[in-house]
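To start, the structure itself, in structure tokens.
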Amino acid sequence: MKSPSAKPQVGVPVFALLFLAALPIEEVGPWSVLWTAPAILAAAMLIAWAAESAQFFIAQGFALAILAWLQTLPEFAVEAVLAWKQQTPLLLANLTGALRLLTGLGWPMIYATAAFFYRRRESKPLRVIRLEDEHCVEVVGLLACMGYATVIWWKSSLTLVDAIVLILIYAAYLVVLSKMPVQEAEGIEDLERIPRAIVTARRPVRIGAITALFAGGGALIYFTAEPFLGSLLAVSASLGVPSFVFVQWVAPFVSEFPEKVSAFYWARTIDRASMALMNMVSSNINQWTLLAAMLPIVYSLSRGEPSAITFDEQQQLEILMTLGQSLVGALFLINMKLAWWEASVLFFLWAVQFALSPVKPGPGWLPALAHHIHWYVTIAYLAWSAVEVVRMILGKRKPLAFQLFAVMWRKHVT
């Protein structure tokens, strides 16, 4: 790939999100979701088109990391508002819901899309998605995130010191990615019509189009993230659904729309299914590091002093479940491939707790199951992680990601 002739200016959206966080959460009616949700989706699409156009000229791994960050700007906006308003329960609800949605629905969606188009093309099932050697950096990076996330869960707090460590982890991740060899250029035919037109345009037109798309998407996010959040709370109240559950699942569905779009278009080409999967993994790393690091910073700014976000017992469980799911996913990828049954396990465990989350406590077996489902699923994640570690020790699952990372480190970093 060539060096980018125009790099997106990402500093402006960051400051815009901080200004946005200073606004109060408006009390709006539930019908406001009919215009706020489409506005967030439109902003997500504009940012996705701009990011895909800009990353076309950058080495794949580094480009995917930057693309994943740009795609999650709507998620950053929602979290910034919640952190500024010191809505700690809802803040954790959105963060954990977004992370579990990426791994529990996003990864299986990539496999299912690739498998569908592979069967149409080859008339046989797709057993595994195999990763490129350079993707070992993303796998090891995700495991590094899990290591420090375990520390955060154990001490039940998220502080400014944690923010510094998480930012350093992400910076180290980017540095290693930047040292990786340049990949073969992505085929223009794999892009959507609008990014394809931008990529093939003359340099001044390309710069102007990318800037306009980022500015338009950022403006939509700036003016609609806060009323969007307020409309979600209004809808949850009118339906009698706990706001924690509603914010945990509905907001991430909308704010993470760009990843789904990009992943679908890459996964349907089959050959780029691994790149689609790494787009999701990069988003996981991005949210475990930069997004989590932003929370105590904005929270402290809103309080006017250095402050820690502390977790109660329920929030600890939410973090532990999310940590367990990400750990299982990372261990599945440790041998540099995602098998059909692994994607199925991730989807099944996610779907079970997702379906039972809105069920209210009460008499009967279903409410009782719903009351304890988070513990059951968390135990399942942790037990499966232990099984995979034992299998790796016994040589049943080869830690190819570690081996390849050591090779890449010696060859390209040192």
Side-chain angles (χ1 to χ4, degrees), residues 64-65 68-69 72 75 79 92-111 129 131 135-154 158 162 165-166 169-170 173 248-249 252 256 259 263 277-293 295 311 315-339 342-354 374-389 392 397 399 401-402:
L64 287 176
W69 185 83
T72 52
E75 183 70 23
E79 286 290 292
L92 266 296
N94 191 58
L95 176 62
T96 56
L99 284 164
R100 295 208 295 267
L101 190 67
L102 280 173
T103 306
L105 180 63
W107 294 18
M109 182 196 74
I110 291 170
Y111 169 79
I129 294 177
L131 307 183
H135 292 158
C136 65
V137 178
E138 284 93 330
V139 178
V140 173
L142 182 57
L143 285 168
C145 294
M146 297 303 94
Y148 197 75
T150 303
V151 174
I152 293 173
W153 165 80
W154 178 76
L158 187 58
D162 297 322
V165 174
L166 291 171
I169 290 174
Y170 190 77
Y173 167 67
Q248 186 171 50
W249 297 121
E256 291 184 347
E259 292 101 319
L277 185 58
M278 287 305 101
N279 184 210
M280 289 287 183
V281 173
S282 292
S283 292
N284 281 91
I285 295 172
N286 168 38
Q287 294 192 28
W288 274 116
T289 53
L290 290 187
L291 183 55
L295 303 182
F311 312 134
Q315 293 161 355
Q316 277 188 291
L317 176 58
E318 293 291 333
I319 295 173
L320 184 60
M321 179 193 293
T322 309
L323 179 63
Q325 184 204 49
S326 294
L327 182 58
V328 169
L331 290 173
F332 281 166
L333 298 180
I334 204 72
N335 59 353
M336 299 299 289
K337 60 185 180 182
L338 181 67
E342 294 168 341
S344 301
V345 166
L346 289 174
F347 177 75
F348 174 76
L349 290 176
W350 172 83
V352 167
Q353 54 91 34
F354 170 74
H374 281 199
W375 266 118
Y376 296 155
V377 173
T378 300
I379 292 172
Y381 281 136
L382 297 178
W384 203 296
S385 298
V387 169
E388 293 303 327
V389 171
M392 188 165 56
R397 181 181 288 274
F402 292 137

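Worth knowing before you read on, the calculation uses all heavy atoms, side chains too, and leaves out hydrogens, waters and symmetry mates. For clarity, every value in this text was computed on a predicted model and none was experimentally measured. Starting from 1, each residue takes its place in the sequence as its number.
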Any chance you could lay out the side chain to side chain contact (heavy atoms under 4.5 Å, CB included) test for F402 and L143, step after step, and finish with the verdict?
-> CA-CA 10 Å; F402 292 137; L143 285 168; 3.6 Å; yes
Mind checking whether [X] and [Y] have side chains closer than 4.5 Å, heavy atoms only?
{"X": "M321", "Y": "T96", "answer": "no"}
{"X": "L295", "Y": "L92", "answer": "no"}
{"X": "V281", "Y": "W107", "answer": "yes"}
{"X": "I152", "Y": "F311", "answer": "yes"}

Can you tell me how far [atom2] of [Y] sits from [atom1] of [X], rounded to the nearest 0.5 angstrom?
{"X": "L166", "Y": "L158", "atom1": "CG", "atom2": "CG", "answer": "7.0 Å"}
{"X": "L323", "Y": "W153", "atom1": "CG", "atom2": "CH2", "answer": "8.0 Å"}
{"X": "L277", "Y": "K337", "atom1": "CG", "atom2": "NZ", "answer": "14.0 Å"}
{"X": "L142", "Y": "Y173", "atom1": "CG", "atom2": "OH", "answer": "9.0 Å"}
{"X": "E138", "Y": "N279", "atom1": "CD", "atom2": "CG", "answer": "10.0 Å"}
{"X": "L349", "Y": "Q325", "atom1": "CG", "atom2": "CD", "answer": "8.5 Å"}

What heavy-atom pair brings [X] and [Y] nearest, and what distance separates the two atoms?
{"X": "S385", "Y": "G324", "result": "OG-O, 3.9 Å"}
{"X": "A343", "Y": "P108", "result": "O-CG, 3.4 Å"}
{"X": "Y381", "Y": "W350", "result": "OH-N, 3.7 Å"}
{"X": "S326", "Y": "M146", "result": "CB-SD, 3.2 Å"}
{"X": "V139", "Y": "A330", "result": "CG1-O, 4.1 Å"}
{"X": "G141", "Y": "I285", "result": "C-CD1, 4.0 Å"}

Worked check of side chain to side chain contact (heavy atoms under 4.5 Å, CB included) between M109 and F347 = CA-CA 9 Å; M109 182 196 74; F347 177 75; over 6 Å; no
V328 and T103: CA distance, side-chain angles, deciding distance, side chain to side chain contact (heavy atoms under 4.5 Å, CB included) verdict = CA-CA 10 Å; V328 169; T103 306; over 6 Å; no
Please step through side chain to side chain contact (heavy atoms under 4.5 Å, CB included) for the pair W288 and I169, ending with a clear verdict.
-> CA-CA 10 Å; W288 274 116; I169 290 174; over 6 Å; no
Indicate yes or no: does E318 engage R100 in a salt bridge with an N to O separation below 4.0 Å.
-> yes
Is there a donor-acceptor contact under 3.5 Å from the side chain of Q287 to the main chain of N284?
-> no
